[in-house]
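The structure appears right after this line, and notes come after that.
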Amino acid sequence: MTLLDDPRPISADSHALEGPEVFEGLADRFGDDAPRVVHREGKGDHIHTPNMPKRSRNVAVMALAGTRLDYAEPLPREFAAKPSAGSLDDPEIQAYFTGGYAAMRPGLTDGARRPDDQDIDGVAAEILYPGWFPMFSLQNVDLLVALQQNYNDWMHGQQVASKGRLIGLAALPVQRPDEAVAELERVIDLGLKGIVIPSNAPRGRRYSDEEYDPLWARAEEAGLPVAFHVACMSHVPDWMKAGADRDPIVTYAGSPALIHDTMVELMVRGVCAKHPELKFVLAEFNAGWVAHWLDKVQQGWAREFARDPSSTPPVDVLEIWKRQFYATIEDDTAALRTRDLIGEETLLWGSDYPHTDSTWPCSTQVLDEMFQDYSPETRDKITRTNVAELYSL
């Protein structure tokens, strides 16, 4: 019996909501550098780091889609699109901000109850990414390593409690490549099905550096896909800081820009050539831009080689994409229209539950509308079989 015996879609991009136990013991070891969950009367639960109070975050921010069934009238949505985000002033959303974990749907923190939320949405299973993205960018690397170990153990517990309906991805501390390999060995033994690392390499490094070769080799050997999720950064790059004065809508619309450097490091600078069986997932960057971008990379690589014949000769980056890359989409109809160019085998649908961009609790309706002009076979690949094959479900 496998998940493919269930005809419902599998979300390739959903999220955890880390409970207090993920942070247990860290304050004892790392003092006020360590994040912890604190309750503020009338203001809910926060993930708080005493030495970085400006980075304190109300846990509700990571779970706002979970409020949608509390509305007397469903939030509006356009055809083939996710529901409106609502307003932070809505009493349904404010209940999460002021009530904390106790006010939230049980399935957000309890793997045994998560299938309740999946059934409401018509989803068979979910690939689970972290919810608290700062775990990838902590400056105290000893703390970062310890937190990610805590998280991976907790994620394993969530996966077991769900009886196979949550597929957890392990976070790896790429700031120390040797420890990343050691943690990879540990999570393989735990039975986690894939890994997630920052979308950009640590400052001063590239993922094409030789020190990462053992990590790529072990992941390739184990058949574990390597995922990069939007906004999961090892650091804020200087070019992004320089654009802080840009219109925020420009920044939101241009979110795929962060992954472009990493894709060139992997595709052009040798990682994919060395590790042709290793699979990479671009999560929540969507994919309507991919075909055009690959074409520009091909042109740029050809021009580089023309200027410097001693450099690496260009190969077909589209073939690299089709062989080794996947991208998750939510309601990205532009990606569907380019599937003949980039390969429908490379597209994975995800609900993004419980984040604001989620299609929950109406994913079934959104998918019916998105795929109304496509064959059942295409829909089945993008919403179910591609992800099941990728993660050997």
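These numbers were taken from a predicted model, which means no experiment stands behind them.
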Quiz item: Counting only heavy atoms not in K43, do more than 12 sit closer than 6.0 Å to its NZ atom?
Solution: no

Here the gap from L75 atom CG to R68 atom CZ, rounded to the nearest 0.5 Å, amounts to 6.5 Å

Contact check, side chains of Y129 and C232, non-hydrogen atoms, under 4.5 Å: no

So V317 and K296, do their side chains get closer than 4.5 Å, heavy atoms only? no

Exercise. Count the heavy atoms of every other residue, nucleotide or ligand shown that sit under 6.0 Å from CD of E210, and state whether that count exceeds 12.
Key: no

| query | Sub-3.5 Å donor-acceptor pair from the side chain of R57 to the main-chain atoms of R55, do we have one? | reply | no

Evaluate the criterion side chain to side chain donor-acceptor pair (under 3.5 Å) for residue pair Y207 and N200; output intermediate values, then yes/no. CA-CA 8 Å; Y207 281 132; N200 55 348; over 6 Å; no

### Test item: T364 side-chain N/O and D121 main-chain N/O as donor-acceptor pair under 3.5 Å
yes

With sequence neighbours left out, the residues meeting ring pair (Phe, Tyr, Trp, His ring centres under 6.0 Å) with Y353 are W360

Requested in this report: Classify the side-chain pair S14/E126 by whether it contains a donor and acceptor separated by less than 3.5 Å.
Outcome: yes

Quick one: do the Y96 and N58 side chains pair a donor with an acceptor below 3.5 Å? no

So the ring pair (Phe, Tyr, Trp, His ring centres under 6.0 Å) pairs with at least one residue in residues 300-338 (sequence neighbours excluded) are F280-F325, W321-F325

*Any chance the side chains of Q299 and D295 put a donor and an acceptor closer than 3.5 Å?*
yes

Notebook entry, point to check: Do W154 and E21 pass the side chain to side chain donor-acceptor pair (under 3.5 Å) test, and can you show the C-alpha distance, the side-chain angles, and the key distance before you say yes or no?
Noted result: CA-CA 8 Å; W154 176 80; E21 58 269 38; 3.1 Å; yes

Practice item. Return yes if some donor-acceptor pair links the side-chain N/O of Q324 with the main-chain N/O of E319 below 3.5 Å, else return no. Key: no

| message | Looking at E277 and R323, is there a salt bridge between them, counting it only when a charged N and a carboxylate O are closer than 4.0 Å? | response | no

Paired with R165, the salt bridge (Lys or Arg N to Asp or Glu O under 4.0 Å) test is passed by just one of D117, D116, D119, D6, namely D119

Contacts satisfying side chain to side chain donor-acceptor pair (under 3.5 Å) that involve residues 251-271 (not counting sequence neighbours) are Y252-D357, H260-W293, R269-E304

Quiz: residues 223-230 side-chain donor-acceptor pairs under 3.5 angstrom, not counting sequence neighbours:
residue : atom : partner : partner atom : Å
H229    : NE2  : D13     : OD1          : 3.2
H229    : NE2  : H15     : NE2          : 3.1
H229    : NE2  : E284    : OE1          : 3.0

Sequence neighbours excluded, the answer for side-chain hydrogen bond (donor to acceptor under 3.5 Å, both in side chains) partners of S87 is none

Under the side chain to side chain donor-acceptor pair (under 3.5 Å) criterion, do S310 and D308 qualify, and how do the steps go? CA-CA 5 Å; S310 67; D308 179 12; 2.4 Å; yes

Residues 381-393 vs side chain to side chain donor-acceptor pair (under 3.5 Å), sequence neighbours excluded, gives E344-K381, E345-K381, D380-R384

Using a 6.0 Å cut-off, check whether atom NE2 of H292 has over 12 heavy atoms from anything other than its own residue. no

Item to complete: Decide if the gap between the ring center of F23 and the ring center of W132 is smaller than 6.0 angstrom.
Response: yes

Can we say R203 and D238 salt-bridge, meaning some charged N sits less than 4.0 Å from an Asp/Glu carboxylate O? yes

query = Side chains of N152 and E183: do they bring a donor and an acceptor to under 3.5 Å?
reply = yes

